[in-house]
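Everything on this sheet refers to the single structure shown next.
Remember, it's a predicted structure, so these values are computed and weren't measured experimentally.
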Amino acid sequence: MAGIKVFGHPASTATRRVLIALHEKNLDFEFVHIELKDGEHKKEPFIFRNPFGKVPAFEDGDFKLFESRAITQYIAHFYSDKGNQLVSLGSKDIAGIAMGIEIESHEFDPVGSKLVWEQVLKPLYGMTTDKTVVEEEEAKLAKVLDVYEHRLGESKYLASDKFTLVDLHTIPVIQYLLGTPTKKLFDERPHVSAWVADITSRPSAQKVL
Amino acid sequence: MDCLQMVFKLFPNWKREAEVKKLGYKVHGDPFSTNTRRVLAVLHEKRLSYEPITVKLQTGEHKTEPFLSLNPFGQVPVFEDGSVKLYESRAITQYIAYVHSSRGTQLLNLRSHETMATLTMWMEIEAHQFDPPASKLTWEQVIKPIYGLETDQTIVKENEAILEKVLNIYEKRLEESRFLACNSFTLVDLHHLPNIQYLLGTPTKKLFEKRSKVRKWVDEITSREAWKMACDQEKSWFNKPRN
């Protein structure tokens with residue numbers, strides 16, 4: 001059980017995805033800070049952990065992994081007897097969870113991350129938010145949230161009536177967007193709004209802020 | 001043709017129709033779509049029968065009802081397993097690979113949590129690092145010309161540069177491992193096939209050919225029987241008309 005390490009940055013959405021999963025499971029781990037603004041993620045020794053030069057990277061004893069959604073799934077399965085259940089294994093549930101993970105990964109995250117970049121990160125780096133991009137991406141996000149709104153009208157959480165990785169994966173991007181004008185897109189959809197309030201108030205989500 | 005010959009010719013169809021009825025699998029898509037082919041590849045690796053249902057992409061059928069009730073994101077393919085309707089090709093392939101894990105080609109690496117996590121990691125790499133430049137290159141060089149649109153060579157150049165970096169990492173990986181996730185063919189390699197197949201018919205082909213391990217891997221995965229069947233419209237889409 002000893003020897004879990006996360007190499008990342010505390011503000012990175014992908015790093016937070018992994019940290020939230022570890023907190024859900026009440027697991028101890030060591031956090032190794034990778035200084036992104038110094039390009040540490042693009043140089044040795046980090047580049048040996050992830051040749052694609054992105055945070056986070058992960059270690060559990062001798063076992064090494066990268067890609068946040070692969071890490072969260074490993075944590076969910078390997079530590080399935082610890083803390084909160086994050087996946088369920090009936091074949092219909094596998095279908096719903098696999099599809100939910102893909103939807104977050106291909107439809108929600110690309111758009112959400114662009115909005116975080118424009119409105120939260122660019123200002124931090126002294127760059128100007130491009131309002132045209134924000135408008136375009138908000139239009140796309142609205143369509144995704146309409147699908148989520150419909151789904152959450154039928155089900156308490158995205159994949160089932162229980163909180164799973166599908167919901168967890170959205171938390172870091174949502175947390176940032178709630179501090180921007182984009183928040184209105186979540187507020188104006190009642191089921192999405194209730195779900196956002198629920199998942200962001202989980203202790204694991206609070207711990208990464 | 002005598003009676004016996006006729007029966008032997010019809011038998012595979014009857015057998016298939018019986019299985020289709022029993023399993024009730026349906027694939028809504030287009031036999032030339034990369035995402036649809038990803039799913040067909042798995043069905044053929046598992047020797048599973050299914051009913052193909054054409055969605056007319058050229059007339060925008062996927063962006064209107066009733067298709068939107070199947071996939072509100074308006075994309076093919078959609079897979080039906082009885083009452084379960086699934087979309088996102090990589091969710092469909094994983095579902096089929098799990099449910100039928102004891103049948104046909106083994107496409108997962110279920111030996112341990114670590115081997116499965118490594119496989120999941122490489123599936124993420126294909127989806128987040130390989131697919132973005134590869135699918136843009138397929139779009140520009142293969143699909144746009146079909147619709148009478150002009151290839152944007154700047155976009156091609158930019159994305160080839162990105163793809164080169166990814167393939168350098170693949171080249172290193174394939175020095176240590178026969179396939180990407182482990183020493184046997186898995187979903188990870190399969191997920192790459194649709195874009196690779198199209199790109200082999202474009203100048204981007206050279207990026208795969210100039211890296212010896214990548215070239216060998218590409219040769220091996222594209223020559224699989226199941227993949228060839230997935231690309232053969234007669235065998236995979238049962239000669240149902242596209243329009």
**Message:** Taking side chain as everything from C-beta outward and backbone as N, CA, C, O, which of these in A/His77 sits under 4.5 Å from a heavy atom of chain B? Side chain, backbone, both or neither.
**Reply:** both
**Complete:** Taken to the nearest 0.5 Å, the spacing of A/Lys207 NZ from A/Leu19 CG works out to 11.0 Å
**Message:** I'd like to know if the side chain of B/Glu171 reaches the main chain of B/Val214, judged simply by a donor and an acceptor atom lying under 3.5 Å from each other, with no hydrogens or angles considered.
**Reply:** yes
**Prompt:** Does any heavy atom of chain B fall under 4.5 Å from the side chain of A/Glu107, the backbone, both, or neither of them?
**Reply:** side chain
**Asked** Would a distance-only check, ignoring hydrogens and angles, find a side-chain to backbone donor-acceptor pair under 3.5 Å from A/Lys25 to A/Asn84?
**Response** yes
**Message:** Less than 4.5 Å to any heavy atom of chain A: does that hold for the side chain of B/Gln129, its backbone, both, or neither?
**Reply:** side chain
**Request:** Look at A/Arg17 together with A/Asp109 and state whether they make a salt bridge at an N to O cut-off of under 4.0 Å.
**Result:** yes
**Item:** Between A/His106, A/Lys143, A/Lys64, A/Gln73, the one whose heavy-atom pairs under 4.5 Å with chain B are most numerous
**Value:** A/His106
**Item:** Pick from B/Asn168, B/Leu119, B/Asp131, B/Ile125 with the largest number of heavy-atom pairs that fall under 4.5 Å of chain A
**Value:** B/Ile125
**Contact origin within B/Tyr98 toward chain A - heavy atom pairs under 4.5 Å** = side chain
**Fill in**
Value for NZ (B/Lys213) from CD (B/Glu176), rounded to nearest 0.5 Å, stands at 11.5 Å
**Asked** In terms of heavy-atom proximity below 4.5 Å to chain A, should B/Ser89 be classed as side chain, backbone, both, or neither?
**Response** neither
**Message:** Is the shortest side-chain heavy-atom distance between B/Lys210 and B/Glu164 below 4.5 Å?
**Reply:** yes
**Message:** Given heavy-atom pairs under 4.5 angstrom as the criterion, report whether the side chain, backbone, both or neither of A/Phe52 touches chain B.
**Reply:** both
**Asked** In terms of side-chain geometry, is the basic nitrogen of A/Lys140 or A/Glu137 positioned less than 4.0 Å from the acidic oxygen of its partner?
**Response** yes
**Prompt:** For A/Ser105, is it the side chain, the backbone, both or neither that has a heavy atom under 4.5 Å from a heavy atom of chain B?
**Reply:** both
**Prompt:** Between A/Val144, A/Ile101, A/Ile103, A/Ile71, which shows the greatest number of heavy-atom pairs under 4.5 Å with chain B?
**Reply:** A/Ile103
**Asked** Can any side-chain N or O of B/Thr120 pair as donor or acceptor with the backbone N or O of B/Met116 at less than 3.5 Å?
**Response** yes
**Engaged part of B/Leu86 at the chain A interface, taking heavy atoms whose separation is under 4.5 Å** = both
